[in-house]
Amino acid sequence: DTPSSAANISIPLFPPPLPMFSLKILRPLQRILASRGHSLPFVLLAIVTVALAAATFIGQRWGFGVAASCVYHAWWCMLLWAVLAAVGLWQVCRVMGRRWHLAALHAALVLILAGAACTHFTGQSGRVHLRQGVAATGCPADEAATDSLVWPFSLTLERFDEVLYTGTNMPRDYRSHLLVRHPDGSPQRYCVSMNKVARIQGYTFCALSFDSDRKGSILLVRRDVWGE
């Protein structure tokens, strides 16, 4: 066994179930849509933009795991995206037949959000612990529906770098340099850092943690089943 850093973060990949709202509670939302239907989508988009900007800052400062736990996979963020999709669908129905360009714009937004939701709720995920020079072809899965994730290539950590701010000992980035070898033997190299992921044949690898001796890293693995 090898030592791992204490910064190994458990990411809640699925938000807790939300309470069911009655139709009476939804009536104020219906009145808002009727009175401010034109501006509400832009207000929601502005809120989403601020949230994503905050997630980017958190990811740069504390890593992707913290950003995913606090923002990307948080229940309030899922609720915000759901409300945005509902408002977009409402706008499509409201302007359909009168303003086709607006209907197409909102329909495209709803379609993008539906695809993102499909990926989030049907995807498979796990964590792979890579040691320098040791190839990996799979990892245990987080979900109970399957025991492990097995990808059709080998993944090897060539080296791990800690990048510091100039003139300080403060880390600016953590980089895992990966060697991918496909079944036909052809090599391909990737670099996974705090704000850079590697997408390989339907699998996405994100930086999560690293070993204290700087010779190993832990990556979050996510498989987009419908996106392959």
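Put simply, the side chain of Trp151 gets close to the backbone of Ala136: a donor and an acceptor are under 3.5 Å apart. Under the 3.5 Å distance criterion, the side-chain polar atoms of Ser186 are left unmatched by any main-chain donor or acceptor of His182. No donor-acceptor pair closer than 3.5 Å links the side chain of Asp161 to the backbone N or O of Val163. Although no hydrogens or angles enter the test, the distance criterion places a donor-acceptor pair under 3.5 Å between the side chain of Asp173 and the main chain of Met194. Counting only distance, with no hydrogens or angles, the side chain of Thr156 and the backbone of Glu158 share no donor-acceptor pair below 3.5 Å.
Counting only heavy atoms from C-beta outward, the side chains of Thr137 and Leu155 never approach each other to under 4.5 Å. A 4.5 Å side-chain heavy-atom check between Val128 and Leu130 finds at least one atom pair inside the cut-off.
The two atoms that bring Ser125 and Leu149 nearest to each other are C-CD1, 3.7 Å, heavy atoms only. Residues Ala207 and Val192 approach most closely at N-CG1, 3.4 Å, considering heavy atoms. Looking at every heavy atom in both residues, Phe160 comes nearest to Ser217 through CD1-CB, 4.0 Å. Here the closest heavy-atom approach between residue Cys191 and residue Lys196 is recorded as O-CD, 3.5 Å.
The structure places OG1 of Thr204 at 9.0 Å from CZ of Arg222, a figure rounded to the nearest 0.5 Å. Annotation: the span from Leu219 atom CG to Cys206 atom SG amounts to 8.5 Å, rounded to 0.5 Å. To the nearest 0.5 Å, atom CG of residue Leu157 and atom OG of residue Ser176 are 5.5 Å apart. Atom CG in Leu179 sits 9.5 Å away from atom CD in Gln188 (nearest 0.5 Å). Atoms CG and CZ, from Asn195 and Phe57 in turn, are 11.5 Å apart once rounded to the nearest 0.5 Å. For the atom pair CG (Leu208) and NE2 (His129), the distance works out to 11.0 Å, reported to the nearest 0.5 Å.
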Chi angles and distances behind the side chain to side chain contact (heavy atoms under 4.5 Å, CB included) call for Tyr190, Ile200: CA-CA 9 Å; Tyr190 294 85; Ile200 312 169; 3.7 Å; yes

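By the side-chain contact (heavy atoms from CB on, under 4.5 Å) test, Glu162 is found to be paired with Leu164, Pro171, Tyr174, Arg214, residues two or more places apart in sequence or in another chain being considered.
Hydrophobic clustering places Leu79 together with Leu44 (ILVMFWY residues linked when any side-chain heavy atoms are closer than 4.5 Å, directly or through intermediates). Put simply, Trp75 and Ile47 are part of the same group of oily side chains (I, L, V, M, F, W, Y) that touch within less than 4.5 Å, one to the next. At a threshold of 4.5 Å between side-chain heavy atoms, the hydrophobic network of Ile, Leu, Val, Met, Phe, Trp and Tyr places Trp76 and Leu52 in one connected group.
For Asp184, the CG atom sits in a packed shell: over 12 heavy atoms of surrounding residues, nucleotides or ligands are nearer than 6.0 Å.
A perpendicular orientation is assigned to the rings of Phe205 and Phe153, their planes being inclined by more than 60° (bins at 30° and 60°).
Tyr203 and Gln201 are not linked by any side-chain donor-acceptor pair at a separation below 3.5 angstrom, with hydrogens and angles left out of the test.
Using a cut-off of 4.0 Å between Lys/Arg side-chain N and Asp/Glu carboxylate O, Asp211 and Arg131 are scored as salt-bridged.
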